[in-house]
Enquirer: 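I have a structure here, written as structure tokens, and I will follow up with some questions on it.
Atoms within each ligand, like the ligands themselves, are counted from 1 in listed order.
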Amino acid sequence: MTERRTDAQRRHDPTVRGFASDNYAGVHPEVLAAIAQANGGHQVAYGEDQYTEHLQRVIRSHFGQTAEAFPVFNGTGANVVALQAMTDRWGAVICAESAHIHVDECGAPERVGGLKLLTVPTEDGKLTPELIDRQAYGWDDEHRAMPQVVSITQNTELGTVYTPDEVRAICEHAHERNMLVHLDGSRIANAAASLDVPMRAFTNAVGVDVLSLGGTKNGALFGEAVVVINPDAVRAMKHVRKMSMQLASKMRFISAQFEALLARDLWLRNARHANTMAKRLAAGVRTVDGVEILYPVQANAVFARLPHDVTERLQKRYRFYFWDEAAGDVRWMCSFDTTVEDVDGLVEALREEMRR
Ligand SMILES: Cc1ncc(COP(=O)(O)O)c(C=O)c1O
């Protein structure tokens, strides 16, 4: 009776899932349990709590002995805090034209961080040393913002994944030119699952200096962290975080979530599942005549080109977004709670709409 009343009071149907974003998913039950477990009693505010202290040990087990985590509220905040702490006032950040920091953060790196972004067009969302060189010049030229950081995204906004060797080549190239490397790891777990390597294999082991570590898309309620791998790469991290409005007073609840994800293998289970669902979706979509898959499906995203009328009808059945409306490109995202039935349902709906 109590159960039925609770269900009736819900504002949504918890059995309905779409493919719009991995942020549409809820919270993994193990994370929710960790939040509940961290509740009760008093803990020192602003990060001096037992959970944040323990998180540092967990972070070091993943990203090496020099690593330190600075939990923040969201991914945009992690990127803006990290990049500010890595640059001078006259500094610039080289990134892909498709980078989240460039296209999806409402100009926060520029307006809040005061940063100049130097963008490079890419085929598949990935920078290379050659592409970086299109913007890496003019350090002595006072007319130009000084390139001080290369920012890459793993996995990329287009669902592609850098190999550890590719990241190593970028880090060597950047460091030889006195630049630092920032990695936007909003979906770092999906990249590690896809490569079947630990996260360190393409971060601290190959020279990444600072990481924006994702939690939300991996099953957290909210919360990301700046992980400083190379302490010499940043200045005044704690001050920059506070000044950027990213210092959580009740930090224990962000740290407890990261501990739930990272202390054992929940991060990997969740990411593997989402990636497997995306692979299944891509395989299904390939059986539908007339639909083109746009990029290698290496993580939890599938991009495809569809006729407009098909997209519009399909969107009435499943939530997903246009990626590039003019071109007819759409993006389907899978998450830790996407089911086989969800995927097969979307494929069959797509088949029906393509036949109409
Ligand atoms: C690559 C990437 N970086 C960062 C973010 C963080 O965004 P938010 O500020 O919404 O947490 C996202 C979210 O979509 C993302 O896809």
Enquirer: Considering only heavy atoms of Thr76, which atoms of ligand 1 have at least one such atom less than 4.0 Å away?
Expert: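 The atoms of ligand 1 under 4.0 Å from a heavy atom of Thr76 are 6 (C), 7 (O), 8 (P), 9 (O).
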Enquirer: For residues Asp184 and Ser186, is any side-chain donor paired with an opposing acceptor at under 3.5 Å?
Expert: no
Enquirer: Below 6.0 angstrom between ring centroids: does that apply to Trp267 and His28?
Expert: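 No.
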Enquirer: Determine, for Asp22 against Arg187, whether the closest basic-nitrogen to carboxylate-oxygen distance falls under 4.0 angstrom.
Expert: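 Yes, Asp22 and Arg187 are salt-bridged.
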Enquirer: Specify the closest pair of heavy atoms between Val297 and Arg286, including all atoms of both residues, with the distance to one decimal.
Expert: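 That would be CG2-NH2, 4.4 Å.
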Enquirer: Pick, from Arg187, Lys217, Glu105, the option with the minimum heavy-atom distance to atom 13 (C) of ligand 1.
Expert: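 Closest candidate by heavy-atom distance is Lys217.
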Enquirer: Can you tell me which residue and heavy atom of the protein come closest to atom 11 (O) of ligand 1, and the distance to 0.1 Å?
Expert: Gly75 N, 2.8 Å
Enquirer: Charged N to carboxylate O under 4.0 angstrom, Glu353 versus Arg356?
Expert: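 Looking at Arg356 together with Glu353, the answer is yes, because their closest N to O distance falls below 4.0 Å.
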Enquirer: Taking only heavy atoms of Glu157, which atoms of ligand 1 are found under 4.0 Å from at least one of them?
Expert: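 Taking each heavy atom of Glu157 in turn, ligand 1 has 1 (C) under 4.0 Å.
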Enquirer: Please check if any side-chain donor atom of Asn300 sits under 3.5 Å from a side-chain acceptor atom of Asn275, or the reverse.
Expert: no
Enquirer: Under 4.0 Å from any heavy atom of Thr153, which atoms of ligand 1 are there?
Expert: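 Reading through ligand 1 atom by atom, the close ones are 1 (C).
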Enquirer: Name the closest protein heavy atom to atom 15 (C) of ligand 1, giving the residue it belongs to and the distance to 0.1 Å.
Expert: His100 CD2, 3.2 Å
Enquirer: Identify, for atom 3 (N) of ligand 1, the protein heavy atom at the shortest distance, and state residue, atom and that distance.
Expert: Asp184 OD2, 2.7 Å
